[in-house]
Structures are given as structure tokens and as C-alpha cells.
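Numbering of ligands and ligand atoms starts at 1, following listing order. For the single chain, residues carry numbers from 1 onward in sequence order.
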Amino acid sequence: MPELPEVLTITKDLNEHLKGSTITNIKITDKYKVFPNNAAFVNTVKGKKIKEVTHIAKNIVFELKDQFIVFHLAMTGRLLLRDRVNKTDKWIKIVFYIDNGRKESVLTFTDMRTFGKVKLYSEEGIKELKKRYGPEPIDDSAEFDVFFENVRSKRSNIKNVLLDQSKVSGLGNIYVTDTLFLAKVHPKTHTSDIDRSTAKILWDSAKKILNEGILHRGSTLPDRMYVDIFGKEGSHQDHFRVYLRDNCPDCDTKIEYIKLNSRGTYFCPSCQVLP
Ligand SMILES: [Zn+2]
């Protein structure tokens with residue numbers, strides 16, 4: 001599933017290439033459904049200029065005049081920018097025809113498992129959407145104190161809380177796993193055992209891990225599901241610390257693999273011990 005580094009890579013590239021362009025037409029494949037409904041979506045979006053492409057947590061947001069298109073890629077969604085519809089692109093759900101005044105191109109939304117969502121939002125709706133998410137570690141205006149309070153407010157293991165987007169936004173299974181390793185915190189540590197200084201180490205570790213992921217343009221796993229808007233893979237998978245690894249990069253102990261809240265979890269039993 002795309003996490004913040006993948007979403008940011010996609011968002012930045014889309015903004016660079018599509019800002020100021022006009023969506024001249026939209027084609028939705030027969031059975032695919034967008035919100036509120038396909039006809040309203042096409043009528044609203046057709047002919048509109050893209051003012052900016054930004055993100056809210058793991059959502060990709062196209063700002064139009066008074067309206068916003070919000071994409072959530074979920075497990076297998078992709079946004080691909082092409083010169084023309086590429087017949088070899090599989091699972092195409094929506095095609096946006098784009099004109100930037102000099103050149104025409106197409107943006108395709110593809111989704112193999114169709115857990116992704118494409119919705120229209122009003123300005124009010126966007127404000128509500130923002131409220132659903134916790135602070136983002138790489139956001140300079142995000143407050144550590146809010147993160148600390150959010151962590152302590154949920155009685156669960158720390159890994160589960162870091163995955164909860166309402167508590168802290170942007171982290172998914174990959175980046176949480178490596179954040180916990182960098183912070184030397186066992187994934188099963190109960191939140192009541194996370195004091196302020198440990199929370200600060202976690203917050204700073206999350207920032208570092210996310211920034212590394214952004215630098216490497218995201219992580220493409222062996223399923224090769226994540227690609228950027230040009231169809232290229234990320235390279236952060238070559239820099240994982242314990243995620244999918246056999247041995248600890250710090251002490252060479254064999255990495256343990258467990259299921260925690262039904263999510264695959266890797267940790268070093270020597271470096272990450274329960275308090
Ligand atoms: Zn270790």
C-alpha cells in the first residue's frame with residue numbers, strides 16, 4: 001500500500017506536470033463507480049483547470065475551482081501520466097484527458113483490487129477530511145505534543161497506534177516497522193510504557209525514515225505494485241533496515257517475524273526489547 005513517501009513522490013510529480021493544465025475530458029470504465037456518481041463527477045470536472053496537486057495524509061488532492069478531486073490509492077491504485085492511453089496499462093478505471101496549452105496527455109487511474117477511492121469534495125469537505133488525520137512527522141508545523149498525547153490516548157501496542165492515521169498520519173506497515181527499529185522500541189510495547197522521551201525518539205525516527213523513503217522515491221516491494229506516475233519503481237526497498245530483512249544491520253541477530261494485529265511485523269529481538 002502506498003505510504004507517505006510514495007504518495008508524496010506521486011503528488012510532487014503530478015503538481016510539477018499538471019499545475020495549470022485543463023482536464024478536457026474524462027472516461028470512466030463501465031462498471032467503475034466514483035463519488036458522488038459518475039455523471040456528476042464528469043460534469044463537474046470536465047473543462048476545469050488544475051490549480052494545484054497536494055496531499056492530505058495518504059490522499060492525493062487535485063484542487064480545481066471550488067471543487068477538489070481526492071484519490072486514495074489503497075492497496076493497488078496507480079496514477080500514470082502518459083502521452084496517450086497505453087494499451088498495456090492494466091486495470092484502467094478512469095482516463096483524464098489533459099491539455100496544458102502546448103501538449104495533450106492522459107492521466108490514467110488504474111486499480112487491480114479496486115479498494116481505491118475517487119471522490120469529489122467541496123471546500124468544506126476538505127476541511128473535514130483534514131480533521132480526521134493526526135500530525136504528519138515531516139510537516140514542519142506538526143506538533144510533537146499532539147503526537148505524544150495521541151499516542152498516550154490509545155491503549156494498545158505502539159505499532160498499532162503508529163498505523164492509526166487519526167493518531168499520526170503517513171506511516172504504513174513498512175515505514176512503521178523501520179521507525180520502531182531505528183527508535184529501538186519493541187513493536188508490542190504498550191502505549192502506557194511510552195514516556196515523553198521515547199515518544200520524541202519515535203517522532204524523530206519516523207521523520208528520518210519517511211525522509212529517506214522520499215529521497216529514494218518510495219518503496220517497490222516484490223509484487224512490483226507501486227510505481228511513480230511515469231511507471232518507474234522506487235528504490236527505498238534497497239535501504240530497508242529490518243523490513244523484509246534476515247539479519248539486524250546493527251548487531252547481526254536474526255530478525256524475528258511475527259503477526260501483530262494481523263500485520264506482518266519484523267524486529268530485532270536484541271535491539272528492540274520490551275520494557
Ligand atoms: Zn539488532
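- Contacts classified as ring pair (Phe, Tyr, Trp, His ring centres under 6.0 Å) and involving residues 247-275 (residues at least two apart or in different chains) are given here: H186-F267, Y243-Y266, Y257-Y266.
- When only modelled atom types and interatomic distance are considered, K159 and T265 share a side-chain donor-acceptor pair under 3.5 Å.
- Between H236 and Y175, a ring centre-to-centre spacing shorter than 6.0 Å is recorded.
- Proximity of a side-chain donor or acceptor of D111 to a complementary backbone N or O of G116 within less than 3.5 Å is detected.
- Grouping Ile, Leu, Val, Met, Phe, Trp and Tyr by side-chain contacts under 4.5 Å, direct or through others, puts V227 with L80.
- Distances from the Zn ion (ligand 1) under 2.8 Å pick out these protein N/O/S atoms: C248 SG, C251 SG, C268 SG, C271 SG.
- Every residue meeting the salt bridge (Lys or Arg N to Asp or Glu O under 4.0 Å) condition with R241, not counting sequence neighbours, appears here in chain and number order: E212.
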